[in-house]
Amino acid sequence: MSDAVLLNHVIDGPEDDAEAPVLVLSGSLGSTLDMWRPNIPALAERFRVIRLDHRGHGGSPVPDGPYRMPDLAGDVLATLDSLGVEQFDWCGLSMGGMVGMHLASEHPDRVRRLVLCCTSAHFPDSTAWTDRIAAVADGGTAPIAATVVERWFTPEWAAAHPEVVEEATSMVAETPDAGYLASCQAIEVWDHRDRLPSITAPTLVIAGAADPSTPVEPHARTIAEGIPGARLEVLPAAHLATIECADDASRLIVEHLAR
Ligand SMILES: O=C(O)CCC(=O)CC(=O)O
């Protein structure tokens, strides 16, 4: 495990966690904390929302890789400790969901409730990651950005929202090459299937019916069946379901966390 770094973050909603519970938002590989912008109005009404850039992403430091999921989780805890936050709800998408699963199983005293969006406990085809790592080592994130974003939104939604697609493509292309590559190495070896039964935080799993990156079968189903009492909701979206179905995703998140 490498040393923890303090993460770039933005806080929305009430300033004081005595006024509202803390909800931490954590995004996908190649994203920044801006990916949560469509959800902030609904979430910040009820929660003190802390959104983070993971190491190697956005405005956070880029330590040398390879990274492992416990490294990313250690950064989160160090950052929340520096803010005086002890307990929190977690909503993470894809890589952010993986960090959330790790936190919930290994630090159950810190995580109150969990929302896991479009994520996976394990990718059976590690060659896809080996190939992506080789492509980024070769040419950086810019040449792969458009192909990555094709998996983020359904074609119909993308055609109707070209400005979102353009912004998302820039977000991936501007992710530091070394940070993206080292994060792929964390996902390449990620296998949390055996730890799912130990998660005690009440969990909502949100999946995209048209997600080519983490399809419902087997990814969301494995998580929902592995975590005791977890509930699965499927939205008509691709990988970034929290953007494509922002209103429904925000509603599901609020309903689950407010229970
Ligand atoms: O989105 C993530 O955090 C990991 C899965 C992934 O890389 C999605 C994709 O680019 O296909």
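First listed ligand is number 1; within each ligand, the first listed atom is number 1.
Those atoms of ligand 1 that come under 4.0 Å of a heavy atom in Arg151, given as number and element, are 9 (C), 10 (O), 11 (O). Within the listing of ligand 1, atoms 1 (O), 2 (C), 5 (C), 8 (C) sit less than 4.0 angstrom from a heavy atom of His239. The ligand atoms of ligand 1 that sit less than 4.0 angstrom from a heavy atom of Met95 are 2 (C), 3 (O). Within the listing of ligand 1, atoms 8 (C), 9 (C), 11 (O) sit less than 4.0 angstrom from a heavy atom of Ser213. Numbered from 1 in the order shown, with element, the atoms of ligand 1 that lie under 4.0 Å from a heavy atom of Val148 read 10 (O).
Using a 4.0 Å cut-off between a side-chain N of Lys or Arg and a carboxylate O of Asp or Glu, Arg251 and Asp248 qualify as a salt bridge. The residues Arg195 and Glu106 are annotated as salt-bridged, a charged nitrogen and a carboxylate oxygen being separated by less than 4.0 angstrom. A salt bridge links Asp81 and Arg110; the closest N-O separation between the charged side-chain nitrogens and carboxylate oxygens is under 4.0 Å.
Judged as a salt bridge (Lys or Arg N to Asp or Glu O under 4.0 Å), the pairs with a partner in residues 222-245 (not counting sequence neighbours) are, in order, Arg231-Glu233.
For the residue pair Ser26 and His54, a side-chain donor N or O sits within less than 3.5 Å of a side-chain acceptor on the partner. A donor-acceptor pair shorter than 3.5 Å cannot be found between the side chains of Thr32 and Asp53. Of the N and O atoms on the side chains of His239 and Ser94, at least one donor lies less than 3.5 Å from an acceptor on the other residue.
Atom 3 (O) of ligand 1 has as its closest protein heavy atom Leu29 N, 2.7 Å. The single protein non-hydrogen atom nearest to atom 10 (O) of ligand 1 is Arg132 NH1, 2.9 Å, given as residue, atom name and distance. Of the protein's heavy atoms, Ser94 OG, 3.3 Å lies nearest to atom 5 (C) of ligand 1.
Ligand 1 has at least one atom lying under 4.0 Å from a heavy atom of Trp129.
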